[in-house]
Amino acid sequence: MIHELSEDILYDTIIVGGGPAGLTAGLYCARAKMKTLLLEKGTLGGQIAITDLVENYPGFPEGISGKELTLKFKEQAEKFGLHVVRKEVSKLEKLEKELFLHLRTGEVLRSKTVILAVGSNPRKLGVPGEEEFLNRGVSYCATCDGALFDGVPVAVVGGGDSATQESLFLTRFASKVYLVHRRGQLRAQKHLQEKVLSHDKITFIPNKVVEEIKGGDFVERLVLRDTKDNSLSELPVEGVFIFIGLEPNTGFLKDILELDDNGYIVTDERMRTSLEGVFAAGDCRSGATGQVAVAVGEGCIAAIEAERYIEDKL
Ligand code: NAP
């Protein structure tokens with residue numbers, strides 16, 4: 001049961017975003033024989049597509065690469081007829097009981113319900129050199145770019161699960177990994193902290209922020225400022241990987257439904273947003289935990305609630 005992209009179809013649900021939450025919602029909706037379409041503007045998998053190893057998703061005791069897990073999610077959803085289309089949504093509207101999704105390419109799709117699983121993007125440091133040296137030493141994805149830094153020193157910025165986990169991954173390539181964090185205490189899960197702090201290739205640099213990224217053709221060094229005494233120092237590195245959290249991809253939704261102060265979509269425990277017929281799941285949702293297992297669960301709830309909404313209200 002394949003539903004091609006068509007302006008003539010009134011879909012039961014359109015899912016926006018193809019990470020774990022969106023693909024799970026897609027699996028449930030397609031399996032429930034709803035007229036379903038999943039729109040993804042970039043790469044399927046969202047944040048896990050750029051995660052080297054997912055160690056805490058149940059069912060994979062040895063861990064599984066983010067890419068492989070995404071392929072499994074996709075394969076399972078497509079087996080039940082989910083149709084995935086590469087398109088970007090620029091606007092969501094509601095007229096009477098119908099929802100309208102405007103695509104960047106001009107088409108307008110109609111649906112009874114919408115499931116927003118738009119995820120989030122890496123936060124930027126916003127310092128001089130960050131944009132200039134993008135892809136010339138500055139990266140937000142160790143899985144994508146780590147191998148380019150074979151045998152040279154790199155810095156990782158951040159103190160959360162991503163920064164610590166990706167620091168460990170980068171030790172496969174880099175001669176040295178400097179973990180630069182703005183506080184003295186890492187935020188990451190304890191077992192990741194322990195691994196990082198005891199690793200002979202990783203040096204933890206606490207209480208420093210990056211003031212500037214400098215270099216010639218490629219990154220050559222970071223200017224660091226000490227958060228305690230404001231002193232400046234330089235750290236010679238050939239790459240800098242920035243993992244300082246995520247920002248939700250919800251800019252196109254701000255005028256139509258309730259977002260929290262940080263731009264995340266507010267829902268109730270049934271994944272219902274402030275706009276009737278619209279549900280949200282995964283990392284774009286207010287209170288998101290950034291866990292694949294949670295995103296999958298929320299995608300499942302959103303799909304069941306969308307089906308229930310159509311039965312009860314339309
Ligand atoms: P995060 O948990 O929000 O951590 C962001 C880190 O960056 C914090 O240490 C923060 O410092 C620092 N930071 C924020 N803004 C900064 C700035 N402007 N300059 C310098 N440092 C800054 O983000 P994340 O590590 O990307 O993780 C996102 C979510 O995904 C989390 O919920 C995480 O648990 C989850 N995740 C889970 C796994 C896993 O389960 N294995 C792996 C990766 C991610 P402070 O500590 O001072 O606030």
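Whatever order the structure lists them in is the order used to number ligands and atoms, beginning at 1.
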Using a strict 4.0 Å cut-off to heavy atoms of G160, name the atoms of ligand 1 that fall inside it. 4 (O), 6 (C), 9 (O), 25 (O)
re atom 23 (O) of ligand 1, the protein heavy-atom contact at minimum distance is G245 CA, 3.3 Å
Which distance, rounded to the nearest 0.5 Å, do you find between the OH of Y264 and the CD of E258? 16.0 Å
Note the single closest protein heavy atom to atom 42 (C) of ligand 1, along with its residue, its atom name and the distance in Å. Q165 OE1, 3.1 Å
Any nitrogen or oxygen of V209, main chain or side chain, under 3.5 Å from a nitrogen or oxygen of ligand 1? no
Salt bridge (charged side-chain N to carboxylate O under 4.0 Å, His left out) between D312 and R308: does it pass, once the steps are laid out? CA-CA 6 Å; D312 294 351; R308 201 173 277 171; 5.6 Å; no
Shortest protein contact, atom 19 (N) of ligand 1 (heavy atom only): L125 CD2, 3.8 Å
among protein heavy atoms, the one nearest atom 34 (O) of ligand 1 is D161 OD2, 2.7 Å
Looking only at protein heavy atoms, what sits closest to atom 9 (O) of ligand 1 is G159 N, 3.0 Å
Where the closest heavy atom to atom 14 (C) of ligand 1 is concerned, which of L246, I244, V210, V157 has it? I244
ILVMFWY cluster, L253 and L99 together (side-chain gap under 4.5 Å): yes
Between CG on residue L92 and CG on residue L116, distance to nearest 0.5 Å: 6.5 Å
Strictly by modelled atom types, are T164 and K195 linked by a side-chain donor-acceptor pair under 3.5 Å? no
Separation between NZ (K79) and NZ (K74), nearest 0.5 Å, reads 15.0 Å
Against heavy atoms of Q189, which atoms of ligand 1 measure under 4.0 Å? 39 (C), 40 (O), 41 (N)
What part of L186 sits under 4.0 Å from ligand 1 if we count only heavy atoms: the side chain, the backbone, both or neither? neither
Counting only heavy atoms from other residues, nucleotides and ligands, does the tally under 6.0 Å from NZ of K176 exceed 12? yes
Is it the case that atom NZ in K112 sees more than 12 heavy atoms from other parts of the structure closer than 6.0 Å? yes
Near Q291, which atoms of ligand 1 are under 4.0 Å from a heavy atom of that residue? 34 (O), 35 (C), 37 (C), 40 (O)
E55 contact mode with ligand 1 (heavy-atom cut-off under 4.0 Å): neither
Distance from atom 48 (O) of ligand 1 to nearest protein heavy atom, with residue and atom: R187 NH2, 2.6 Å
Quick one: do L197 and F241 end up in the same hydrophobic cluster if we chain Ile, Leu, Val, Met, Phe, Trp and Tyr together by side-chain heavy atoms under 4.5 Å apart? yes
As a check for students: among Q47, K208, R183, identify the option with a heavy atom nearest to atom 47 (O) of ligand 1. R183
For R182 and T227, test the side chains for any donor-to-acceptor distance below 3.5 angstrom and give the result as yes or no. no
Minimum-distance protein heavy atom relative to atom 25 (O) of ligand 1: S162 N, 3.0 Å
How close does the nearest protein non-hydrogen atom get to atom 10 (C) of ligand 1, and which residue and atom is it? R182 NH2, 3.8 Å
